[in-house]
Protein chains: 2
Amino acid sequence: MSERIIKAFKNAAIEKKNRQDYFNIAVSVDCVIFGYDNHELYVLLMQSDLEEFQGLNSLLGDLVRPSEDLTEASFRILWERTGLQNVYLEQVHTFGKVCRHPSGRVITTAYFSLIDMQHQQLNIAEHQLDWYPVRKVKRLAFDHLEILQLCLQQLQQKVMERPVVFHLLPPLFSLRELQSVFEAILGIELDRRNFRKKIAIKDWIIDTNTLEKEVNHRPGKLYKLKAGLVNNFRPYQ
Amino acid sequence: MSERIIKAFKNAAIEKKNRQDYFNIAVSVDCVIFGYDNHELYVLLMQSDLEEFQGLNSLLGDLVRPSEDLTEASFRILWERTGLQNVYLEQVHTFGKVCRHPSGRVITTAYFSLIDMQHQQLNIAEHQLDWYPVRKVKRLAFDHLEILQLCLQQLQQKVMERPVVFHLLPPLFSLRELQSVFEAILGIELDRRNFRKKIAIKDWIIDTNTLEKEVNHRPGKLYKLKAGLVNNFRPYQ
DNA sequence: TCAAAAGTGTTTGAACTACACCCATGT
DNA sequence: ACATGGGTGTAGTTCAAACACTTTTGA
């Protein structure tokens, strides 16, 4: 099998290499799991158990098994570490520097994921996971800080173009909450009236004719995401 | 070394796997090399030498060596197959389906590249390469058609935002040529006056105070790309 | 009645679209 | 002189930003 792969690539002016050489790269995926709560964007991190990175946090990642697709591996990691299924995942970039992992050659494909951290029950304690405000994350193991930053940047770029933020919110949400999510992601304040106009134009949400409850001010209308706008299991664009 | 990698990933609820299992994924890169000539966008393809895909073309790709970065691998392929150096490369996506390669498990990271096909001398004949109009490519080996389409889409999305098209042109070019490149990439016609206004606003190019020569009509002014706008060797965004 | 957030419209400048005529050069 | 593309401006429209007051509810 693997001899076939090497043969299949023999065509160019490459040197002959033996099996050992070509199958010496491990493949992993790392998931940047974003959550939102109370005007703040969070990322789910675990404690690195690598001695080189003692005391540092890292993203949730794992080696990809030969029998699973890259996306399957990401869904598996989310499932194994958090118990979540049916989450939104989007591939961002593959990091392939020779020395990015201290134990050997590992390339990793980064995905970001958006989840409703208030209403999904995570097995957080069980796996030593914790939510950290993205703003405050200054150091991570490996090149994970770089990965986090690129995923955030990607999220920022897409957030106004496509209806993705709704994965961070419960099924029913107020416009105030929605605006707050945008502000947390973009790191800027938005004008309420202009924001509402923009959202109205996008035609992403539906007025449910219900109101917020248990809130000590005038309750806002609750909206829901329009059906059919999101493909959860779309591995790319 | 590789035992260390497996150990390094032991933390989660993964099953113990032996080395064989984890190092059974090969890693390759595939390059979508775009060129422009005479109102048409081209892509550089080679004949697939895999029996499963006899008669079909494929992108230029190769296995990544354990000792080289992912980007280095792409530059190497470009260099080995075309003799080109210093080209513009941008990572697009990593394709990781289990069955995408008939000979075994190979994940591949796709890059696109933009080169000035009129003025760069390629070793085309030597490697059975050829330029094909992107519009006309209907079938390719592996999942390479999908890769090509995604790269084109990415190029289309970026082309108005960032000064990348200039890599498809010689150092000096007329506005007519520039517009033509945009039209070829986007597959639409543009209004000349509006296009010029838009480009003027971007502040990407400089009037060189020279004129086209050997043209049987009124010669256009020649422009050049403003210095400092492009990082060639930027592996992502 | 107060605090806190909900809800709502108008004005201005910038950018985008559509569109037509004269100009410079080679043959 | 003519054919070919080079070069330019204006009017109408759409989009983004700035900005303030009234309303509803709970305490």
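Just so it is clear, the model here is predicted, and its values are computed rather than measured.
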> May I have the distance from B:Leu211 (atom CG) to D:dG5 (atom C1'), rounded to whole angstrom?
14 Å
> Base, sugar-phosphate, or nothing for A:Arg176, non-hydrogen atoms under 4.0 angstrom?
sugar-phosphate
> In this structure, how many angstroms lie between the P atom of C:dG7 and the CD1 atom of A:Ile199, rounded?
14 Å
> Specify the closest pair of heavy atoms between A:Val43 and A:Leu148, including all atoms of both residues, with the distance to one decimal.
CG2-CD1, 4.1 Å
> Starting at atom CD of B:Glu214, determine the distance to atom P of C:dA24, rounded to an integer number of angstrom.
22 Å
> Check every strand shown and say whether A:Lys221 touches a base, only sugar-phosphate, or nothing at a heavy-atom separation below 4.0 Å.
sugar-phosphate
> Determine whether any donor atom in the side chain of B:Arg192 lies under 3.5 Å from an acceptor atom in the base of D:dG7, or the reverse, and answer yes or no.
yes
> Taking N and O atoms by type only, does the side chain of B:Arg218 place a donor or acceptor under 3.5 Å from a partner on the base of D:dT4?
no
> Between A:Val215 and B:Tyr223, name the one whose nearest nucleotide on DNA chain D is closer to the 5' end.
B:Tyr223
> Could you check how far CD of B:Glu212 sits from P of C:dC23, rounded to whole Å?
20 Å
> Would you say the side-chain atoms of A:Tyr36 and A:Ser180 include a donor-acceptor pair closer than 3.5 Å?
yes
> Should the ring pair A:Trp204 and A:Phe166 be called parallel, tilted or perpendicular, given that the plane angle runs from 0 to 90° and is split at 30 and 60?
perpendicular
> How long is the line joining CG of B:Asp191 and P of D:dT8, in whole Å?
14 Å
> Does a side-chain heavy-atom distance below 4.5 Å link A:Arg81 with A:Asp62?
yes
> A:Gly220 or A:Lys197: which one's nearest nucleotide on DNA chain C is closer to the 5' end?
A:Gly220
> From D:dA17, D:dG26, C:dC16, pick the nucleotide closest to the side chain of A:Asn216?
D:dG26
> C:dG7 phosphate, OP1 or OP2: any side-chain N/O from A:Arg196 under 4.0 angstrom?
yes
> From CD1 of B:Ile201 over to C1' of D:dC15, roughly how many Å is that when rounded to an integer?
14 Å
> Please report the distance, rounded to the nearest Å, between CZ in B:Phe195 and P in D:dG7.
12 Å
> Among D:dG9, D:dT4, C:dA6, which is the nearest nucleotide to the side chain of B:His217?
D:dT4
> From CD of A:Glu189 over to C1' of D:dA17, roughly how many Å is that when rounded to an integer?
15 Å
> Would you kindly check whether a donor in the side chain of B:Asn194 faces an acceptor in the base of C:dA18, or vice versa, at under 3.5 angstrom?
yes
> So, A:Glu90 and A:Arg162, do they make that salt bridge, N to O below 4.0 Å?
yes
